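The structure appears below as structure tokens.
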Amino acid sequence: MTFEGRGHALYLSKLFLMTEKDFVPDPYKVFPNEGKVIWKAPSNIALVKYWGKKPHQIPANPSISFTLDTSATTTSLTYKRKKESNGSISFDLLFEGKAKESFKPKIQTFLERIETYLPFLKDYHFVIETSNSFPHSSGIASSASGMAALALGLLSLEKNMVAEMEESHFNKKASFLARLGSGSACRSIEGKLIEWGSHNSIPGSSDLFGTRYPFHVNSVFQDYQDTILLVHKGQKQVSSTVGHNLMHNHPFAERRFEQAHENLDKLQPILAQGDLEGFIEIVESEALTLHAMMMTSRPYFILMKPDTLEIINKIWQFRQETGLPICFTLDAGANVHMLYPKSIADKALQFIKDELVAHCENGQYICDQIGTGAKRINEEV
Ligand code: PMV
């Protein structure tokens with residue numbers, strides 16, 4: 001886009017800024033009696049991190065992520081219209097084939113939160129069956145892929161009730177709903193690079209939903225690889241919700257939020273030109289900054305484990321010795337995401353087998369790559 005074109009697009013995107021009201025539907029035309037819809041939604045890994053939020057799941061700073069491919073949640077939503085609406089939300093929940101009561105409160109809160117935007121929720125009974133592609137309790141957060149898959153299922157039902165819903169509105173609303181379940185879930189609807197959070201120089205960017213990164217992305221990033229090294233599979237000591245809240249009154253919060261805006265600007269030419277050195281510097285700095293925020297909050301906490309640091313040091317050493325553009329990022333946990341171009345996949349995997357597997361719990365890692373977004377698995381029955 002030319003500079004002039006970009007200015008114009010920015011002007012237009014500001015003029016047509018969407019608000020929450022745009023996601024409240026018109027009165028429904030029809031109410032299907034029953035049916036089933038299945039969606040598979042991927043996880044995502046942030047390059048510029050979201051850490052800190054305002055009320056109603058509004059991010060304190062913009063973020064950008066690679067949508068993943070194989071790490072995903074598949075959710076089947078069976079719906080049956082109640083004979084009479086009893087004014088309450090009702091659903092059964094099965095996780096990997098078994099009833100899972102402990103997951104219900106989170107889903108209940110989510111459904112209550114989105115009822116204004118999906119006012120049919122109390123008119124149906126739902127059976128939600130969900131499963132993950134990644135090993136059970138692998139320490140990989142399934143909230144992003146899980147909330148995205150459920151939001152998509154519910155929205156597919158709404159799509160049958162309204163006269164028409166354009167694909168672009170469908171994707172925005174799915175992302176908007178998923179965000180209300182788990183912030184980063186709004187980046188798990190589409191691929192391959194998704195930006196979330198209002199940012200001055202990114203046209204169409206919004207705090208309410210994720211959007212496709214609008215600028216040119218060099219081919220080297222189109223099939224980037226992410227091997228997730230499973231360092232610690234147990235439950236995190238501090239949840240993301242608690243962590244986000246600790247950014248309130250955090251001594252470095254304001255500077256950090258500005259830095260995220262700056263890093264997004266810096267990434268633009270890096271992504272366009274395929275500048276791997278520049279990419280590595282921003283991505284690794286973002287990962288360490290995220291964890292630095294945790295270590296400097298009150299109360300402070302550390303989610304990295306000794307093996308996380310061993311892996312980081314080995315990646316640095318390997319990069320120095322071989323010159324190969326392998327880098328790491330982290331999410332809110334001890335696992336390490338190793339990022340590299342597809343062209344060096346053989347060498348990267350050999351390096352993992354030779355040096356890094358010893359630092360993974362039970363020697364486990366997951367080979368993933370950048371993906372194209374969520375997919376509908378079944379047609380309407
Ligand atoms: O979506 P949440 O509330 O689980 O927060 C996720 C935050 C990070 O994964 C640490 C960073 C990010 O942008 O995904």
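Position 1 is the first residue of the sequence, and the numbers go up from there. Order of listing sets the numbers, starting from 1, for every ligand and every atom in it. In this text the structure is predicted, and so the values were computed from the model without any measurement.
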Does [X] pair with [Y] as a salt bridge, N-O distance under 4.0 Å?
{"X": "E361", "Y": "K305", "result": "no"}
{"X": "E262", "Y": "R255", "result": "yes"}
{"X": "E281", "Y": "K266", "result": "no"}
{"X": "E286", "Y": "R256", "result": "yes"}

I'd like to check which ligand 1 atoms, numbered from 1 as shown, lie under 4.0 Å from a non-hydrogen atom of [X].
{"X": "G183", "value": "1 (O)"}
{"X": "A46", "value": "12 (C), 13 (O), 14 (O)"}
{"X": "A332", "value": "10 (C)"}

Please list the nearest protein heavy atom to [atom] with its residue and the distance rounded to 0.1 Å.
{"atom": "atom 4 (O) of ligand 1", "answer": "S240 OG, 3.4 Å"}
{"atom": "atom 1 (O) of ligand 1", "answer": "S184 OG, 2.6 Å"}
{"atom": "atom 8 (C) of ligand 1", "answer": "Y50 O, 3.9 Å"}
{"atom": "atom 5 (O) of ligand 1", "answer": "H244 NE2, 3.0 Å"}
{"atom": "atom 9 (O) of ligand 1", "answer": "D331 CB, 3.9 Å"}

Aromatic plane relationship, F221 with Y224 - under 30° parallel, 30 to 60° tilted, over 60° perpendicular: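 Y224 vs F221 ring planes: tilted.
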OH/Y300: more than 12 non-hydrogen atoms of other groups inside 6.0 Å: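 For Y300, atom OH is not crowded (no more than 12 foreign heavy atoms under 6.0 Å).
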Selection from M293, K53, R187, K49 by shortest heavy-atom distance to atom 12 (C) of ligand 1: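 The nearest heavy atom belongs to R187.
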Any donor-acceptor N or O pair under 3.5 Å, side chains D368, T70: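 Distance-only check passes for D368 and T70.
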